[in-house]
Amino acid sequence: MSNIAQVIVNIPARSIDKPFSYLIPEQLPAIDIGWRVLVPFGSRKVEGFVISLEDEPTDGLKSILAVLDDYPWFNDNMLKTAEWLSRYYLCSPAEAMRLFVPGLSGIKSTKAYQAAHAIDCEQASILLAAKPAEYRTVLSYILDHGPVSQADLAKLPGSIETILKFLLQHKLIIHTDTVLKRGKASTIRLINLTVSKESAAQAEQALPPSKSAQRRLLHALIQTGELSPTELRNLHISADTVRKLTSQGLVASREVQIFRNSYNTIIHKVDEITLTTAQQQALQQIGPVLKAGIHKSFLIHGVTGSGKTQVYIKAVAEARGLNRQAIVLVPEIALTSQIVARFQAAFGQDVVVMHSKLSVGERHDAWRRLHSGQAGIVIGARSALFAPVDNLGVIILDEEHEFTYKQEDSPRYHARQVALFRARIAGAAVILGSATPSVETYHQALSGEHTLITMDKRVDNVPLPPVTVVDMREELLKGRRSVISPALTEMLAEALFRKEQAVILLNRRGYSTFVLCRECGHVLKCRHCDIALVYHTPGHSLRCHYCQERHTVPDTCPECGSRYIRYFGAGTQKVEEALNALFPTAKIIRMDQDTTTKKMAHDKILAAFAAGTYDILLGTQMVAKGHDIPNVTAVGIISADTALNLPDFRAAERTFALLTQAAGRAGRGNKAGRVVMQTYNPDHYAIVNGGMHNYQGFYENEIIFRRQLNYPPYSNLIKITVQAGDEIQVHRNANQLAAELSPVSANAATTVIGPFPASVAKVKDIFRVNILIKTKDMAEVTGHLANLNIACRKDVIIDIDPINVL
Ligand SMILES: Nc1ncnc2c1ncn2[C@@H]1O[C@H](COP(=O)(O)OP(=O)(O)OP(=O)(O)O)[C@@H](O)[C@H]1O
Ligand SMILES: [Zn+2]
């Protein structure tokens with residue numbers, strides 16, 4: 001019998017990357033690999049994950065204190081995925097494993113104080129005699145109340161910090177941890193009969209009329225079989241009545257778990273729809289793979305409105321029919337309630353929705369429903385990937401090109417990569433879907449890594465909307481300075497006249513995107529960040545979009561004192577103003593980060609717009625995501641170029657995807673759609689092909705550029721960011737690190753670029769310098785990086801396969 005457990009302690013410190021050995025106490029025999037336990041760690045009690053068992057001499061080892069669940073939290077698939085994650089993304093094992101725990105930690109521990117075990121009261125009173133009375137008050141409070149938190153003690157008079165320090169120093173009190181398990185299952189007691197209905201009826205008859213409550217309870221139980229606490233309350237039956245009948249052996253209770261169900265959307269039943277030929281063909285390829293239970297990945301490249309969601313639903317139904325579970329990932333749950341609603345309509349209670357607004361308790365309940373097999377489908381943003389499913393059949397990534405699939409904190413994983421790994425070891429299928437697949441994924445599909453499924457027509461052969469490209473340089477030559485061109489105005493006027501709806505995209509929030517002194521050219525920048533301030537109309541203020549600090553608008557230029565301060569670059573607020581001026585009777589709603597800070601704000605705006613409460617939906621990229629609103633016939637893109645000129649190798653890809661997705665919102669129902677796209681770069685291939693919904697055309701241009709410059713998919717990237725509060729120091733550290741990387745660049749398959757300042761060189765007073773590694777030999781490079789121990793450094797960020805290289 002093994003008596004030692006190797007435990008990963010759930011502390012996100014990157015320097016702790018090894019398991020610790022703990023003794024398994026005799027009274028906890030069930031502990032095995034995958035269990036969550038409570039262990040002592042230093043002076044604290046922390047959550048730990050058992051990763052292996054051993055037999056070893058037990059001298060001096062501390063014991064596991066408790067188990068946190070009554071089953072192993074991690075199955076083999078979850079353990080292997082965590083291990084791979086930590087290796088591939090160079091994060092600590094704890095950082096990888098805690099992704100699988102709702103809220104990242106299964107316990108909540110607070111510091112507390114309690115009386116020392118061997119406190120000598122006489123000696124204490126001598127010690128405290130010379131001290132103010134508050135000292136004695138605090139000590140007796142602790143003596144009376146047992147472990148108390150500092151927050152509790154703060155209510156007492158006196159300078160509590162000083163008093164506690166004194167009491168600790170003289171060993172009158174000690175520190176402890178009080179540990180609470182998070183997300184405890186909620187249970188209720190149901191009351192039922194222990195005898196047959198006939199005997200219960202006889203007993204009811206035999207009771208004297210004075211015992212009316214007991215008679216009522218028996219009567220109700222004969223009729224319904226079982227009563228919940230709420231029903232008992234409604235019948236005015238007290239606990240005492242229940243106890244009396246229990247003692248007579250007539251009724252008993254049982255405890256059942258209840259699940260907090262927080263995604264209380266109304267479930268609409270859908271009519272069975274006939275699949276289109278393209279949908280059928282897609283499923284003919286996916287079905288056999290699910291049946292065979294083998295791992296295979298698919299890329300569904302389907303134009304906007306081709307009916308990809310229906311393919312996902314049928315594939316999930318197929319997996320469920322085989323009793324296997326499904327994980328469905330969407331880029332942002334707040335923006336995708338339509339797809340959630342479609343899944344709920346199709347599968348009802350079998351669906352668990354992971355919403356970022358769920359409490360930790362609700363997340364635990366969701367996890368338990370999946371673990372216990374009460375639900376078989378989880379739908380959510382990237383964190384749903386870590387659901388405890390035992391019998392994985394399929395993972396779906398809708399809009400697989402979206403950058404929100406990449407986590408931007410450690411561990412900086414990409415959901416697509418993790419999904420492919422998890423599915424491979426589970427023998428499950430992966431379905432990636434998009435109208436604008438990422439260049440990497442499409443390249444992989446062409447080279448046979450994923451089976452490519454093309455759906456090149458909209459449902460019912462509805463045509464894709466024609467796009468009019470407006471050259472804003474010509475507009476300027478004609479003396480037109482408005483943010484809204486005549487072509488766009490005309491399209492909007494027509495749509496409004498026909499009582500149809502319009503979507504307007506401008507991917508910049510605020511009113512003016514920068515403020516400049518006409519006299520000396522000085523651009524107003526944030527004090528803490530190396531970035532231009534954005535002018536916002538509410539409150540007439542300048543805001544930093546990086547640190548959120550607000551500044552008042554100066555009357556004169558801080559550099560030269562001139563009064564010629566002018567505003568440039570239009571944001572959504574300015575466009576809203578222009579639209580209001582053009583169409584005073586139209587009802588316009590703006591959706592951007594500034595209007596969606598409240599809970600469910602996205603949902604509310606989209607639902608109101610879909611219901612026809614508004615005529616025009618205006619906003620940032622949020623308005624371009626998978627919405628399917630049949631009455632939207634006009635889409636206007638104010639500036640197609642916002643992302644195009646960024647010095648990022650994905651600028652064209654970002655631009656093309658955003659334009660195509662936005663254009664794809666128009667004309668999805670039985671009314672024809674139209675799109676107007678305003679640009680200063682009408683000849684750029686991202687814009688030309690975006691205007692024709694032509695993914696292949698875009699891809700063929702883009703892939704040449706990627707090959708020439710050896711960017712992904714022809715290489716892998718690793719971005720290393722060095723940070724420091726001091727500008728000279730940060731460069732010194734970065735140069736030193738670059739020197740340490742010399743063994744990495746020795747390989748001909750690898751190039752090290754930099755160090756160079758990040759494009760926003762300072763954020764919140766921290767300077768950032770990047771080193772970029774391009775390699776065809778990822779394993780070798782990450783091996784070196786692991787040896788150099790860079791991942792442990794607090795001032796260094798390693799980003800494997802970065803989405804943002806700036
Ligand atoms: N077989 C079908 N018969 C009739 N209508 C269908 C069928 N399949 C899908 N639809 C409808 O077609 C519309 C478009 O489908 P869906 O939203 O799945 O497209 P999509 O491919 O996900 O598009 P996008 O990439 O733009 O999000 C929806 O309103 C959907 O209800
Ligand atoms: Zn700032």
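What you see is a predicted model, and the numbers here were worked out from it, not measured in a lab. Read the numbers this way: they start at 1 and go in the same order the structure lists the ligands and their atoms. Keep in mind that the numbers below use all heavy atoms, side chains included, and drop hydrogens, waters and symmetry copies.
Checked by atom type, the side-chain pair His627/Gln338 shows no donor-acceptor distance below 3.5 Å. There is no side-chain donor-acceptor pair under 3.5 Å between Glu400 and Tyr405. Under the 3.5 Å distance criterion, with hydrogens and angles disregarded, a donor-acceptor pair is assigned to the side chains of Thr436 and Gln661. Remark: the Ser434 side chain and the His401 side chain contain an N/O donor-acceptor pair separated by less than 3.5 Å.
Comparing Met455, Glu399, Lys314 by heavy-atom distance to atom 27 (O) of ligand 1, the nearest is Glu399. Between atom 12 (O) of ligand 1 and the options Thr277, Thr276, Val459, the minimum heavy-atom separation is to Val459.
With 2.8 Å as the limit, Cys544 counts as an N, O or S neighbour of the Zn ion (ligand 2). Among the atoms of Cys529, an N, O or S atom is found under 2.8 Å from the Zn ion (ligand 2).
Residue Lys308 places at least one N or O, backbone or side chain, under 3.5 Å from an N or O of ligand 1. Polar contact check, Thr304 against ligand 1: no nitrogen or oxygen pair lies under 3.5 Å apart. Residue contacts with ligand 1: Gln310 is placed with no nitrogen or oxygen under 3.5 Å of a nitrogen or oxygen of the ligand (distance criterion only).
With hydrogens left out, the protein atom closest to atom 26 (O) of ligand 1 is Arg668 NH1, 2.7 Å, a heavy atom. Atom 28 (C) of ligand 1 has as its closest protein heavy atom Asp628 OD2, 3.0 Å. Nearest protein heavy-atom neighbour of atom 23 (O) of ligand 1: Gly305 N, 2.9 Å. The protein heavy-atom contact nearest to atom 30 (C) of ligand 1 is Arg342 NH1, 4.1 Å. Given atom 1 (N) of ligand 1, the protein heavy atom at minimum distance is Thr274 O, 2.7 Å. If you check which protein heavy atom lies closest to atom 7 (C) of ligand 1, you get Ile273 CD1, 3.6 Å. Looking only at heavy atoms of the protein, atom 15 (O) of ligand 1 is closest to Gly307 CA, 3.5 Å. Of the protein's non-hydrogen atoms, Thr309 OG1, 2.8 Å is the one closest to atom 18 (O) of ligand 1.
For the side chain to side chain donor-acceptor pair (under 3.5 Å) with Lys625, the lone residue among Glu399, Glu332, Glu402 that qualifies is Glu402. The only option from Phe698, Tyr699, Tyr695 that meets the side-chain contact (heavy atoms from CB on, under 4.5 Å) definition with Asn689 turns out to be Phe698.
Proximity to Leu275 (heavy-atom distance under 4.0 Å) selects the following atoms of ligand 1: 1 (N). Shown in contact with Gln279 at under 4.0 Å from a heavy atom are these atoms of ligand 1, numbered in order with element: 1 (N), 2 (C), 7 (C), 8 (N), 9 (C).
Of the possible donor and acceptor atoms, one in the side chain of Thr595 sits under 3.5 Å from a partner among the backbone N and O of Arg590. Although no hydrogens or angles enter the test, the distance criterion places no donor-acceptor pair under 3.5 Å between the side chain of Asn694 and the main chain of Gly690. Side-chain atoms of Gln325 never come within 3.5 Å of backbone atoms of Gly376 as a donor-acceptor pair (strictly under, hydrogens ignored). Looking at Ser297, its side chain does come within 3.5 Å of a backbone N or O of Glu449 through a donor-acceptor pair.
Vertex the Zn ion (ligand 2); arms to Cys547 atom SG and Cys526 atom SG; angle 110° (nearest 10°).
For the ligand labelled ligand 1, residue Ser306 lies inside the 4.0 Å heavy-atom shell. In this structure, Gly664 falls outside the shell of residues with a heavy atom less than 4.0 angstrom from ligand 1. For Arg665, the closest heavy-atom approach to ligand 1 falls below 4.0 Å.
If you look at His450 and His301, their ring centroids are not closer than 6.0 Å.
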Requested in this report: Kindly determine whether Phe767 and His731 satisfy ring pair (Phe, Tyr, Trp, His ring centres under 6.0 Å), including the steps that lead there.
Outcome: CA-CA 9 Å; Phe767 291 89; His731 284 284; 8.1 Å; no
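Using a 30° and 60° split on the angle between ring planes, Phe514 and Phe568 fall in the parallel class, below 30°.
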